[in-house]
Amino acid sequence: MRALTYQGKRDVRVETVPDPKIQDPTDIIVKITSTGICGSDLHLYEVLGPYLDPGDILGHEPMGIVEEVGPEVHSVAPGDRVVIPFNVSCGHCYMCGQGLHSQCETTQVRERGSGASLFGYTKLYGQVPGGQAEYLRVPFGNDLPIKVPHGPSDDRFVYLSDVLPTAWQAVEYADIPPGGSVTVLGLGPIGAMAARIAIHRGAGLVIGVDLVPERLDRVSAYGATCLDLRRYDKGKDLGDAVRDLTDGRGTDAVIDAVGMEAHGAPAAKAAHAAVGLLPDKVGRRLMETAGIDRLTALHTAIDLVRRGGTISVSGVYGGSADPMPLLTMFDKQIQLRMGQANVKRWVDDLLPLLVDGDPLGVDSFATHHLSLEEGPQAYETFQKKADGMIKTLLVP
């Protein structure tokens, strides 16, 4: 089959690799019909190379048609249409029973001290082959796939793999009071969808912050008040602008949908670049012992949130020793919630919004539909924020 593979920093290629096969009796094989490129994939493209091997298959936002099932699979059958969550979760361990599928005890990567395995996402998370490919082996075939109806285009359902549950959890964790306010930092796919979901769920004021005009325009069109970061002095005056909109307090909640790709912090940017250039063993040691993240977005969130408010972090951070302003956080009585989305936890909330209509605008959410063979160019374009690219779906 053809698959998009990691080959080195800023070097991904579509290659011919062996087809996946049933390995366990509850496995299924899915013929991929659509697969997204995620902002987290750019972390692999740019920063997390020390945890990848050349030839690793990327991608964790796939859907398709069941091609083959193992002998103990009874929940889906060949021909069924399914979305595959990015968490590789068993569905029946203690953590899955708590709705914490991203902490699945069956697939935790204990030798790395990490949570549940993820499709297409480094040795830190199991080095499981990903879904930017023609076919995908999916374990836990009775519990993991999300069965969806035939009919609407893939665009209606593919975001159940990551974007929708990640954005939904970001809003849930933000704990916005009825009619309350939230600032969303970063209006890429997750931030843009979080803003839509916050509006859908009744937030009175949603403030979106970004510096890419196309992103600002898309979120403004859904009723958010958008602030162009380029108008402020490296974010220093942004807090005043937000407080001006909220009676001097700041918003009830802030969603950090940026993570370690934040602009600013030149020293941390240099550290990011250095890690990507170091030999793998040295790079891994630096990431695991030094604070290398660019914390501009998180520090901005701490400034923007009102006293007693909540910060919800959905953007990915990779440093293990990042400095945090605990004095300020304690003084402001900030609540902080974060973590990988627990995809299956939110499916029952989200499916009715997809089957009965399209209130979140998923049908037109993708800005680009490209072939799998165009994947390498798509990564480069997305990384450069060029050509108005915000969300791309690849079609094998």
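Nothing here was measured: the structure is a model prediction, and the numbers come from that model.
Although no hydrogens or angles enter the test, the distance criterion places a donor-acceptor pair under 3.5 Å between the side chain of Ser117 and the main chain of Thr107. Looking only at distances, a side-chain donor or acceptor of Asn142 sits under 3.5 Å from a matching main-chain atom of His74. The backbone N or O of Arg249 sits nowhere less than 3.5 Å from a side-chain atom of Arg306 that would complete a donor-acceptor pair. Remark: side-chain polar atoms of Gln108 are paired, donor with acceptor, to backbone N or O of Gln103 under 3.5 angstrom. For the pair Ser161 (side chain) and Val158 (backbone), a donor-acceptor distance under 3.5 Å is present. At distances below 3.5 Å, not a single donor-acceptor pair connects side-chain atoms of Thr122 with backbone N or O atoms of Tyr51.
Annotation: side-chain hydrogen bond (donor to acceptor under 3.5 Å, both in side chains) contacts involving residues 20-30, sequence neighbours excluded, comprise Asp27-Arg137. Within the structure, side-chain hydrogen bond (donor to acceptor under 3.5 Å, both in side chains) contacts touching residues 168-178 (residues at least two apart or in different chains) are Gln169-Asn342, Gln169-Trp346, Glu172-Arg201. Among residues at least two apart or in separate chains, there is no ring pair (Phe, Tyr, Trp, His ring centres under 6.0 Å) pair with a member in residues 122-148. For residues 78-117, the pairs satisfying ring pair (Phe, Tyr, Trp, His ring centres under 6.0 Å) are His60-Phe86, with sequence neighbours left out.
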Per-pair distances, 0.1 Å, donor-acceptor, side chain in residues 180-195, under 3.5 Å, sequence neighbours excluded:
from   : atom 1 : to     : atom 2 : distance (Å)
Ser181 : OG     : Asp252 : N      : 3.0
Ser181 : OG     : Asp252 : OD2    : 3.2
Thr183 : OG1    : Thr251 : OG1    : 3.0

Atom pairs and distances, donor-acceptor, side-chain atoms in residues 323-333, under 3.5 Å, two or more places apart:
from   : atom 1 : to     : atom 2 : distance (Å)
Asp331 : OD2    : Arg307 : NH1    : 3.0
Asp331 : OD2    : Arg307 : NH2    : 3.3
Lys332 : NZ     : Ile302 : O      : 2.8
Lys332 : NZ     : Asp303 : O      : 3.2
Lys332 : NZ     : Val305 : O      : 2.6

Please tabulate, for the side chains in residues 31-38, all donor-acceptor contacts under 3.5 angstrom to protein atoms that are two or more places apart in sequence or on a different chain.
from  : atom 1 : to     : atom 2 : distance (Å)
Thr33 : OG1    : Met63  : O      : 3.4
Thr33 : OG1    : Asp154 : OD2    : 2.7
Ser34 : OG     : Asp154 : OD2    : 2.7
Thr35 : OG1    : Gly131 : O      : 3.0

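Ion pairing of Arg13 with Asp11 is present here, as a side-chain N (NZ or NE/NH1/NH2) and a carboxylate O approach within less than 4.0 Å. Comment: Lys123 engages Asp53 in a salt bridge, judged by a side-chain N to carboxylate O separation of less than 4.0 angstrom.
Neither Phe157 nor Val138 shares a network with the other; the hydrophobic side chains, linked directly or stepwise wherever heavy atoms of I, L, V, M, F, W or Y lie under 4.5 Å apart, form separate groups for each. At a threshold of 4.5 Å between side-chain heavy atoms, the hydrophobic network of Ile, Leu, Val, Met, Phe, Trp and Tyr places Leu370 and Met1 in two separate groups. Val30 and Val88 fall within the same hydrophobic cluster, defined by Ile, Leu, Val, Met, Phe, Trp and Tyr side-chain heavy atoms under 4.5 Å apart, directly or through other members. Neither Leu124 nor Val128 shares a network with the other; the hydrophobic side chains, linked directly or stepwise wherever heavy atoms of I, L, V, M, F, W or Y lie under 4.5 Å apart, form separate groups for each. No continuous path of hydrophobic side-chain contacts links Leu160 to Leu144 [ILVMFWY only; heavy atoms under 4.5 Å].
Every salt bridge (Lys or Arg N to Asp or Glu O under 4.0 Å) that Glu373 has, sequence neighbours left out, goes to Arg2. Among residues two or more places apart in sequence or in another chain, the salt bridge (Lys or Arg N to Asp or Glu O under 4.0 Å) test is passed with Asp228 by Arg230. Residues satisfying the side chain to side chain donor-acceptor pair (under 3.5 Å) test with Asp19, not counting sequence neighbours, are none. Every residue meeting the salt bridge (Lys or Arg N to Asp or Glu O under 4.0 Å) condition with Glu380, not counting sequence neighbours, appears here in chain and number order: Lys384. In terms of the salt bridge (Lys or Arg N to Asp or Glu O under 4.0 Å) criterion, Asp41 has no residue partners (sequence neighbours excluded).
Using a 4.5 Å heavy-atom cutoff, the side chains of Leu304 and Thr300 are in contact. Using a 4.5 Å heavy-atom threshold, the side chains of Leu44 and Leu52 count as touching. Side-chain contact between Val12 and Thr5 is absent, with no heavy-atom pair separated by less than 4.5 Å. By the 4.5 Å heavy-atom criterion applied to side chains, Thr367 and Arg218 are counted as neighbours. Side-chain contact check for Glu67 versus Ile28: every heavy-atom pair is 4.5 Å or farther apart. Under the 4.5 Å side-chain criterion, counting only non-hydrogen atoms from C-beta, Glu374 is not in contact with His369. Put simply, the side chain of Asn87 reaches to within 4.5 Å of the side chain of Leu118, judged on heavy atoms.
Residue-environment remark: CZ (Arg156) exceeds the threshold of 12 foreign heavy atoms within 6.0 Å.
When each of Tyr379, Tyr6, Phe382 is tested with Tyr45 by the rule ring pair (Phe, Tyr, Trp, His ring centres under 6.0 Å), just one qualifies, namely Tyr379. Put simply, the residue from Asp80, Val355, Val347, Val83 that forms a side chain to side chain contact (heavy atoms under 4.5 Å, CB included) with Val148 is Val83.
Taken to the nearest 0.5 Å, the OG atom of Ser371 stands 12.5 Å off from the CG atom of Leu393. In this structure, CZ in Arg215 is found 11.0 Å from NZ in Lys391, a value given to the nearest 0.5 Å. Interatomic distance, CD1 of Ile207 versus OG1 of Thr246, reported as 6.0 Å (0.5 Å rounding). Atom CG of Leu216 and atom OG1 of Thr225 lie 12.0 Å apart (nearest 0.5 Å). Note: Arg337 CZ to Ser314 OG = 13.0 Å, rounded to the nearest 0.5 Å. Here the straight-line distance linking atom NZ of Lys344 with atom SG of Cys104 works out to 11.0 Å at 0.5 Å rounding.
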Would Asp256 and Ser312 count as a side-chain contact (heavy atoms from CB on, under 4.5 Å) here? Give the steps. CA-CA 6 Å; Asp256 173 4; Ser312 171; over 6 Å; no

Step-by-step side-chain contact (heavy atoms from CB on, under 4.5 Å) determination, Leu360 to Leu164: CA-CA 9 Å; Leu360 301 178; Leu164 282 168; 3.8 Å; yes

Would you sort out whether His368 and Asp387 count as a side-chain contact (heavy atoms from CB on, under 4.5 Å), showing the intermediate values? CA-CA 10 Å; His368 293 69; Asp387 193 34; 2.9 Å; yes

Checking Ile57 against Leu4 for the side-chain contact (heavy atoms from CB on, under 4.5 Å) test, could you report, in this order, the C-alpha distance in whole Å, the side-chain angles of both residues, the deciding distance, and whether it holds? CA-CA 6 Å; Ile57 301 173; Leu4 193 146; over 6 Å; no

For Asp349 and Arg345, what are the C-alpha separation, side-chain angles and deciding distance, and is it a salt bridge (Lys or Arg N to Asp or Glu O under 4.0 Å)? CA-CA 9 Å; Asp349 295 296; Arg345 166 66 179 82; 3.8 Å; yes

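In terms of heavy atoms, Ala77 sits closest to Val66 at O-CB, 3.4 Å.
Relative to the six-membered ring of Tyr222, Arg196 meets both conditions, a distance below 6.0 Å and an angle of at most 45° to the axis.
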